[in-house]
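Residue numbers start from 1 in every chain, and the chains themselves are labelled A, B, ... in the order their sequence lines are given, proteins ahead of strands.
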Amino acid sequence: MAKVLVVTSGKGGVGKTTSTAALGAALAQNGERVVVVDFDVGLRNLDLVMGAERRVVFDLINVVQGVAKLSQALIRDKRLENLWLLPASQTRDKDALTDDGVRRIIADLRTKFDWVICDSPAGIERGATLAMRYADEAVIVTNPEVSSVRDSDRIIGMLDSKTARAERGERVTKHVLITRYDSARAMRGEMLGIDDILDILATPLLGIIPESQDVLRASNIGSPVTLNNAASAPARAYFDAARRLNGEDVAMTVPVERRGFMNRLLGRRAA
Amino acid sequence: MSLSLMRLLGRRTGSAPVARERLQILLAHERGMRGQPDLVGILREEILAVVSRHVTLDPDKVLVKMDRGKSVSTLEVDIELPHGFEQRTRLPANQLA
């Protein structure tokens, strides 16, 4: 039974695209058939983070408008044969994406994959509502920072009222994924802690992704962090989160950077 | 836990407790507002409908703003009329509704 998962946040720049790529790859690395779908029409970036930007021929809008078949627009990952990408269009016409078109494509993708992961654009406008529209589950990406938590709360309200499931009187299963977490700063009371965020949002935790240079390095290269450096702290956190998405009970920890002896001696972070 | 321990030890605590408190107050307010009809939106549409029965105007030049304060709240309506605007000819009373 396929699952449709939306990765959303309201606020921009908190790590939706990075998390879509990392979770999608982690699920695929565990043998699941996964497609990641970029809903950020006009500002597509998932192709770049996945390292497939030069292979985009057709996109989501082309499929919605019947210009291309779904099979022509899907791009297979070069590293993982069961990971696929459906890129967004770069058209400026945001109305090109229609509710009916999205419904048809999601229904089609459900028959072909175990996981359909929708990377939502920032904001609460049309693109964001369409990305969550047919979702069964939602990952709300949140930074330990006031504006991000506030926007997450708003998005949670929308998931409970504006989705097809909500309209049928069902629930979208929601998970909070905390990214860019610095446990040392939280410990010193300089940053909202995990308990603070979960208390305020009253939504279960999917995982804690530590602040790490590995995340930027992976996107520079065009590789999901779980593929680029599977042993790194953020990759381990994403692998755990992916296992929790599959219903596994995995103890919640904040993976830490493994620091080399010289770095520790010099008080530097592992580079 | 660690926070209260720090306080006991008399150390300066960080700004996270302030963030937490501000968010709790703000979100309690915002959640209460949710699901209610968009009052400003409704007012804007009805004001626009009334005024445009008498004067031709650009809907984008109608600004309706509500400011909720502790003791006093205000509703600000700002309608820009086009240069040399025309008064519409009077409609019969039965068409006004």
Side-chain angles (χ1 to χ4, degrees), chain A residues 9-11 14 123-125 128-129 132 140 142-163 166-167 169 171-172 174 176 178 180-203 205 208 211 252 254, chain B residues 1-49 52 58-71 73-78:
Chain A
S9 69
K11 188 171 161 59
V14 296
I124 53 170
E125 303 302 322
T129 51
M132 68 168 66
I140 302 123
T142 307
N143 286 170
E145 182 272 323
V146 286
S147 62
S148 173
V149 176
R150 178 200 209 173
D151 292 357
S152 291
D153 192 71
R154 185 87 185 269
I155 285 288
I156 288 168
M158 288 172 61
L159 287 163
D160 289 338
S161 61
K162 299 234 154 79
T163 51
E167 285 171 8
R171 295 193 76 81
V172 172
K174 301 178 299 266
V176 169
I178 298 173
R180 309 200 69 163
Y181 188 69
D182 184 333
S183 48
R185 298 196 71 189
M187 196 82 91
R188 291 195 296 268
E190 296 169 7
M191 180 184 263
L192 282 167
I194 302 296
D195 291 343
D196 293 332
I197 299 170
L198 298 182
D199 262 8
I200 292 166
L201 295 179
T203 301
L205 180 63
I208 306 159
E211 171 81 64
M252 192 67 70
V254 188
Chain B
M1 177 80 162
S2 63
L3 278 179
S4 48
L5 201 68
M6 275 195 212
R7 275 196 201 105
L8 277 178
L9 296 171
R11 280 183 56 181
R12 193 172 66 93
T13 52
S15 50
V18 183
R20 183 195 163 98
E21 201 182 315
R22 288 179 60 222
L23 271 171
Q24 280 171 330
I25 294 167
L26 175 73
L27 293 183
H29 173 74
E30 286 185 347
R31 285 171 188 156
M33 302 281 293
R34 232 176 259 162
Q36 287 180 11
D38 170 22
L39 179 60
V40 176
I42 293 166
L43 284 172
R44 189 182 178 281
E45 265 175 43
E46 295 199 8
I47 291 167
L48 181 64
S52 49
D58 179 357
D60 292 337
K61 299 280 168 68
V62 177
L63 236 131
V64 177
K65 214 172 108 188
M66 186 174 288
D67 216 359
R68 288 174 192 266
K70 262 189 187 148
S71 54
S73 297
T74 56
L75 179 69
E76 189 184 321
V77 182
D78 185 349

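In this structure, CD1 on A:Ile156 lies 7.5 Å from CZ on B:Arg31, to the nearest 0.5 angstrom. One distance of note links CD of B:Glu21 with CG of A:Asp196; it measures 11.5 Å at 0.5 Å rounding. The structure places CG of A:Asp199 at 11.5 Å from CG of B:Leu23, a figure rounded to the nearest 0.5 Å. Atom CG of B:Leu27 sits about 11.0 Å away from atom CZ of A:Arg154, to the nearest 0.5 Å.
Heavy atoms from other residues, nucleotides or ligands lying under 6.0 Å from CD of A:Glu167 number more than 12. Around CZ of B:Arg20, the count of heavy atoms belonging to other residues, nucleotides or ligands within 6.0 Å exceeds 12. Summarising the local packing, CD of B:Gln24 is surrounded by more than 12 heavy atoms from other residues, nucleotides or ligands at distances under 6.0 Å.
In this structure, the side chain to side chain contact (heavy atoms under 4.5 Å, CB included) partners of A:Ala184, at least two apart in sequence or on a different chain, are A:Asp182, A:Arg188.
Contact tally against chain B (heavy-atom pairs below 4.5 Å) for A:Val149, A:Leu192, A:Asp153, A:Val146: the top residue is A:Asp153.
The minimum heavy-atom distance between A:Gly189 and B:Pro17, with the atom names listed, is O-CD, 4.0 Å.
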